[in-house]
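All remarks here apply to the structure that follows.
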Amino acid sequence: MPPEVAMILCEFPLRLHPVSQSLLESFVAGLISTPEFLRFFSLPNSDYIPLAQCFVTALTG
């Protein structure tokens with residue numbers, strides 16, 4: 001599934017914390033691993049924990 005579709009299905013907010021946005025971009029570009037993404041994406045906002053899990057699940061099926 002394309003990342004853009006996964007973002008819609010997982011109901012991403014219009015604006016992410018800038019650090020989380022940077023991590024998301026790095027993950028989609030293949031610059032960081034799935035475990036790194038899951039570990040660090042939610043550090044600025046713990047509400048992002050289920051969002052990260054949803055996104056990874058949507059991308060990997």
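What's counted below: heavy atoms across the whole structure, side chains too, no hydrogens, waters or symmetry copies.
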What distance do [X] atom [atom1] and [Y] atom [atom2] have between them, rounded to the nearest 0.5 Å?
X     : Y     : atom1 : atom2 : answer
Leu51 : Met7  : CG    : CE    : 8.0 Å
Ser26 : Leu31 : OG    : CG    : 5.0 Å
Leu23 : Leu16 : CG    : CG    : 10.0 Å
Leu59 : Cys54 : CG    : SG    : 9.5 Å
Ser20 : Leu43 : OG    : CG    : 8.0 Å

Do Phe40 and Ile32 come close enough that some side-chain heavy atom pair is under 4.5 Å?
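No - every pair of side-chain heavy atoms lies 4.5 Å or more apart.
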Min side-chain heavy-atom separation Met1-Thr60 under 4.5 Å:
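No, their side chains stay 4.5 Å or more apart.
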Does any donor atom in the side chain of Glu25 or Ser22 lie under 3.5 Å from an acceptor atom in the other side chain?
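Short answer, no.
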Which residue is it: Phe37, Tyr48, Phe41? I am looking for the one with a side chain to side chain contact (heavy atoms under 4.5 Å, CB included) to Phe55.
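So the option named by the test is Phe37.
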Joint cluster assignment, Leu38 & Val19, ILVMFWY side-chain distance < 4.5 Å
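Yes: a chain of side-chain contacts under 4.5 Å links Leu38 to Val19.
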Ignoring hydrogens and geometry, is there a side-chain-to-backbone donor-acceptor pair from Ser33 to Glu36 under 3.5 Å?
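Indeed, once roles are kept as given, a pair shorter than 3.5 Å links the two residues.
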